[in-house]
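Input: a single structure, listed below in structure tokens.
Not measured: the values here are computed from a predicted model. Convention: sequence-line order gives letters A, B, ...; per-chain numbering from 1.
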There are 2 protein chains.
Amino acid sequence: MNSEFTARPTRPNRTDTSARASSGVSNTRETLMACMELLFFAYRDFIGDPDSMLERYGFGRAHHRVLHFVGRNPGLRVADLLVILRITKQSLAPVLKQLVDEGYVTQEAGQSDRRERHLYVTQKGMKLTDQLADLQMARIKEALESAGPDSEETLRRFLFAMIAEDERSNVARLIDGATNTGNQLTGSTT
Amino acid sequence: MNSEFTARPTRPNRTDTSARASSGVSNTRETLMACMELLFFAYRDFIGDPDSMLERYGFGRAHHRVLHFVGRNPGLRVADLLVILRITKQSLAPVLKQLVDEGYVTQEAGQSDRRERHLYVTQKGMKLTDQLADLQMARIKEALESAGPDSEETLRRFLFAMIAEDERSNVARLIDGATNTGNQLTGSTT
DNA sequence: CGAATTACGTCAGCCATGTTGACATACTTT
DNA sequence: AAAGTATGTCAACATGGCTGACGTAATTCG
């Protein structure tokens, strides 16, 4: 017994007060709570996909993040990466070293300033990076389809608004700069 | 210079091929990529709120998760918690011990089976748990409002579909059982 | 009854990922 | 020449995971 998390406790005190009363649409505490928990589980599985693939390469999430952001922003400097990932150079060092040593990422001295190390994902690296991204995008795509026709626009608005206010412009610039898809974000959320 | 992550590289190769071509609505690779990155940043800030509060108590995310799930499912057994959190008892032990020692959680031997330890969040614990949840729900609520009128339903559908297929029923049961809000999830996603 | 199983705890050792602080090195700027 | 900057590196440490092994109490099964 108790194989998965079918396991529910004997569950006492279920008196069903509050909530449910406002059977309507508005965001009750319970509804928001459900969103919270769903976000928790959704995100877990969202990272679960790439995690298992990364394992086979001896990489972790840290490697994934580096591959992703360098892949999307070729020529990124080490300092940029640190700011994006919000980690210290000491944390990045071993991860980056491994990626460079194993040929997934290359470094090039800057032209104007030769102290700078510009990072690039190699072909070998891009292959892995794409595989990882494809896994995650496939899950998102499916979920969007099952969520309805306008779900993608709604989702983007929601996620963007979830980001700390003083970070939004940075994120918008990052995404947008890398994708060159136009100004959906900065424009639509004003 | 380079204060935040204003820092963008010199950015070479921006030739703008693919994408954008299909200017329509459909989920292009670039759009999905944007969703991916937004999800990454959104989730980071979603956890950032409680993180800073937890620090003041000397707690981490692990404590938060325990408080949350025990708080929502009073009487949960240790084994249940392990399955929900997908961690080992050795990982849980120190966290749970700290919460019990400091009076945030209590344990009670089961009535029918006295080997079982049923977990309950104390009043002191509920106060903290509620504060944490309120922080996160406030962010979600705001984001939903800024995403439009039907965004909550859409979001729930999306998130639910993001969960691994063979986990959905479990999650639905968990959320639903705890909230007693009815069968929105299990019903609407079929 | 006695043996096996179960729920939980605990000890020991390991790994990944993060942190600070201090310092070295190469390069640029003043 | 001196100061500042971009990066790398060493050392020590914290957190939160993991596995394996073992103990203990309680239940269940033969």
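B:Ser91 has a side-chain polar atom (N or O) that falls below the 4.0 Å cut-off from OP1 or OP2 of D:dC18. Residue A:Arg117 has no polar side-chain atom (N or O) positioned under 4.0 Å from OP1 or OP2 of D:dA6. Residue A:Arg114 places at least one side-chain N or O closer than 4.0 Å to OP1 or OP2 of C:dC27.
For A:Gln90 and C:dG21, a side-chain-to-base donor-acceptor distance below 3.5 Å is present, hydrogens and geometry of angles not being considered. Judged by distance alone with a 3.5 Å cut-off, no donor-acceptor contact links the side chain of B:Arg115 to the base of D:dT27.
Taking atom CG of B:Leu96 as the reference point, atom P of C:dA7 lies 17 Å away to the nearest angstrom. One interatomic measurement links the two molecules: CG of A:Leu82 to P of C:dT20, which rounds to 12 Å at whole-angstrom precision. In this structure, CZ of B:Arg77 is placed 16 Å from C1' of C:dG9, rounded to the nearest angstrom. Between the CZ atom of A:Arg61 and the P atom of D:dG16 there is a distance of 14 Å, given to the nearest Å. As rounded to whole Å, 11 Å separates atom C1' of D:dT24 from atom NZ of B:Lys89. With rounding to whole Å, B:Asp80 atom CG is found 16 Å from C:dT6 atom P. Whole-Å rounding puts the B:Glu116 CD to C:dC8 C1' distance at 11 Å. For A:Leu92 and C:dT19, the CG to P distance is 10 Å, given to the nearest whole Å.
Nucleotides of DNA chain C nearest to A:Asp113 and A:Val95 differ in position, and the one nearer the 5' end is that of A:Val95. Positionally, the nearest nucleotide of DNA chain C for A:Gly58 lies more toward the 5' end than for the other of A:Gly58 and A:Gln111.
Between A:Arg72 and B:Glu30 there is a salt bridge, since a side-chain N of the basic residue sits under 4.0 Å from a carboxylate O of the acidic one. Taking 4.0 Å as the cut-off between side-chain N and carboxylate O, A:Asp49 and A:Arg139 count as a salt-bridged pair.
Heavy atoms of B:Gln107 sit under 4.0 angstrom from primed sugar atoms or phosphate atoms, though from no base atom.
Crowding of A:Glu142 atom CD: a count of heavy atoms from other residues, nucleotides or ligands under 6.0 Å not exceeding 12.
The nucleotide whose nearest atom lies closest to any side-chain atom of B:His63 is, among D:dT19, C:dT28, D:dG16, D:dG16.
Tested against A:Phe40, the residues B:Phe69, B:Tyr43, B:Phe46 include a single ring-ring contact (aromatic ring centres under 6.0 Å, His included) partner, B:Phe69.
Counting only distance, with no hydrogens or angles, the side chain of B:Asp113 and the backbone of B:Gly110 share no donor-acceptor pair below 3.5 Å.
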